[in-house]
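What follows is a single structure, written as structure tokens, with notes after it.
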2 protein chains.
Amino acid sequence: MLTFYNPSLVIGAMEMASNMRQVFERRRPLVLEVRDELERMILCGEVAAGERLDELALAERLGVSRGPVREAARSLERDGLVTTVANHGVFVRKLSVEDALELYDLRALIAGQLCAQVAECADARLRAALRAEVTQMEAAIDAAEEGRYFELNLAFHDRIAAEAGAARTQALYASLGKEVRLMRRQVLKGEASLRLSNREHGRIVAAIEAGDADAARRAGAAHHLNGKARLIATL
Amino acid sequence: MLTFYNPSLVIGAMEMASNMRQVFERRRPLVLEVRDELERMILCGEVAAGERLDELALAERLGVSRGPVREAARSLERDGLVTTVANHGVFVRKLSVEDALELYDLRALIAGQLCAQVAECADARLRAALRAEVTQMEAAIDAAEEGRYFELNLAFHDRIAAEAGAARTQALYASLGKEVRLMRRQVLKGEASLRLSNREHGRIVAAIEAGDADAARRAGAAHHLNGKARLIATL
DNA sequence: GGATTGTAGAATGTCAACATTATTCCATTG
DNA sequence: CAATGGAATAATGTTGACATTCTACAATCC
């Protein structure tokens, strides 16, 4: 039997602690690595919408065989990032305007649900954290740091989704989030839009703090529907 | 064993007409055939919840290689019917009670959305068709034909989903439908439950006929939430 | 006797080769 | 000259074999 280089055998006791995780955590399946890379390529726009994903070329570029690439591509299909045509390959999904608008509606619906659930179960600590994030976002706008606002905005919505305690709903929300990102047409974000957007965040948190599930649902949905309206305005 | 009709083999001229479709229609990819078979096995309960799907055994039984079986299994994972554990294989998903209840909530949310959209765009023909189906279901109850009621019930909900004109939402509703079917614990359907259920159908159709989107949303959601309540009652 | 280590078996993960299908382009025919 | 038919080509579909990992069991050591 062949024996392979095992990092756990040669690292000193001092280094063990910091490397424990790496050592004991199972190696990630190759498929997941490939999947993440393909997802990144698509969401970053390195491959254009409608373009074909060449199995062989990708396999060679990533240094793996076609099998994992195939599986990864099928995995992306589930999230709506690509579409597969038999005997023709997989293509980066091209969202029609109608598709995008439907996605906004659907996402607004889910977001409303998540906000309502958070409103019903939020404790003082969570409320304070959400309120703090809104304040931080306002500060980011004041400092004209759009990148930071974008980052905080993602974290804010992720936190709400995570704290709702509904795993399946959270996963669906995240999946739809990736799907809408296929729409390259970025909703331009001037300072005015950011102020409006963050005011909506404030309304969501206010409803959560008040424990008003229905108001939180409406505020969460409205926030996404306003995003939809901003998209329409750019058409 | 899955055997396929090969158009290159001789078929008599007489048989041509009846077999035209089969001959000229592209052969479905093997993966889809396997996928459908596995899905049937799971939803029919031929493989118990939590049970492992043996790649090799299934491949031999279906007369294909392990590749298509693997891909089909991954496809099922995307629909939430199985879960994959690295180096351990794929297992029929075992729904916890919490999971099932969340699915009911999520499905109620989506169903409400679909009903609201149908209420906004339904024409006279569709309204008549929906009303007729409710009447037929009532007749099925009178005749104590539970199987027929079940069938009509599925068609009724499928029609609403299809006519809403929101492809992504419809697909999601269907996917969630398969997922909830994992919960073997059937909600027992006595005549009383059927009457109540169909009365809810009537309320949905009434709201659609009135063009009241909000009422339709509430009626559609309530119908599914009542199903959830019936499930809870059996615990 | 209990814990540990090594080994054997079986399962999944990965790969490269082969088979099939679809497109393209050119020759042929009307 | 247009249309049709067929090879050449390149992609996906499928397969069987090999590599790796995990579980179980038994032999060994403390």
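Letters A, B, ... mirror the listed sequences (proteins, then strands); counts begin at 1. Here the structure is a predicted model, which means the values were calculated and not measured.
- Straight-line distance from the CD atom of Glu55(A) to the C1' atom of dT14(C): 15 Å, rounded to whole Å.
- At least one side-chain nitrogen or oxygen of Arg74(A) sits closer than 4.0 Å to the OP1 or OP2 atom of dG13(D).
- Minimum heavy-atom separation, Tyr104(B) to His224(B): CD2-O, 3.7 Å.
- Between Arg66(B) atom CZ and dG16(D) atom P the separation is 11 Å, expressed in whole Å.
- Between the side chain of Arg107(A) and the main chain of Tyr173(A), a donor-acceptor pair closer than 3.5 Å is present.
- In this structure, Gly89(A) reaches the sugar-phosphate backbone alone: every heavy-atom distance under 4.0 Å involves primed, P, OP1 or OP2 atoms, never a base.
- Residue Leu56(A) contributes atom CG, which lies 14 Å from atom C1' of dT9(D) at whole-angstrom precision.
- His201(B) and His223(B) have perpendicular rings, their planes meeting at more than 60° on a 0 to 90° scale where under 30° would count as parallel.
- Rounded to a whole Å, the CG atom of Leu53(A) is 13 Å from the P atom of dG13(D).
- An OP1 or OP2 oxygen of dT12(C) is reached within less than 4.0 angstrom by no side-chain nitrogen or oxygen of Arg70(B).
- Going from atom CD of Glu60(A) over to atom P of dT12(D) covers 12 Å, rounded to whole Å.
- Rounding to whole angstrom units, CD of residue Glu71(A) and P of dT12(C) are separated by 12 Å.
- For the pair Leu103(A) and Arg168(B), the tightest heavy-atom approach, listed with the atom from each and the gap, is CD2-CG, 4.0 Å.
- For Asp54(A), the listed nucleotide lying nearest its side chain is dA11(D); candidates were dA11(D), dT15(D), dT21(D).
- Remark: C1' of dA11(C) and CG of Leu58(B) are 13 Å apart, rounded to the nearest angstrom.
- Relative to the side chain of Asn87(A), the nucleotides dT21(C), dT15(D), dT12(C) differ in distance, and dT21(C) lies closest.
- The backbone N or O of Ala116(B) lies less than 3.5 Å from no partner atom in the side chain of Arg217(B), so there is not a single donor-acceptor pair.
- Nucleic acid contact class of Leu32(B) (heavy atoms, under 4.0 Å, all strands): none.
- Checked against dT14(C), dT12(C), dT21(C), the side chain of Pro68(A) finds its nearest nucleotide in dT14(C).
- The shortest distance between the side-chain N/O atoms of His88(A) and the OP1/OP2 oxygens of dG13(D) is not below 4.0 Å.
- Looking at heavy-atom distances under 4.0 Å, Arg52(A) makes contact with sugar-phosphate atoms alone, never a base.
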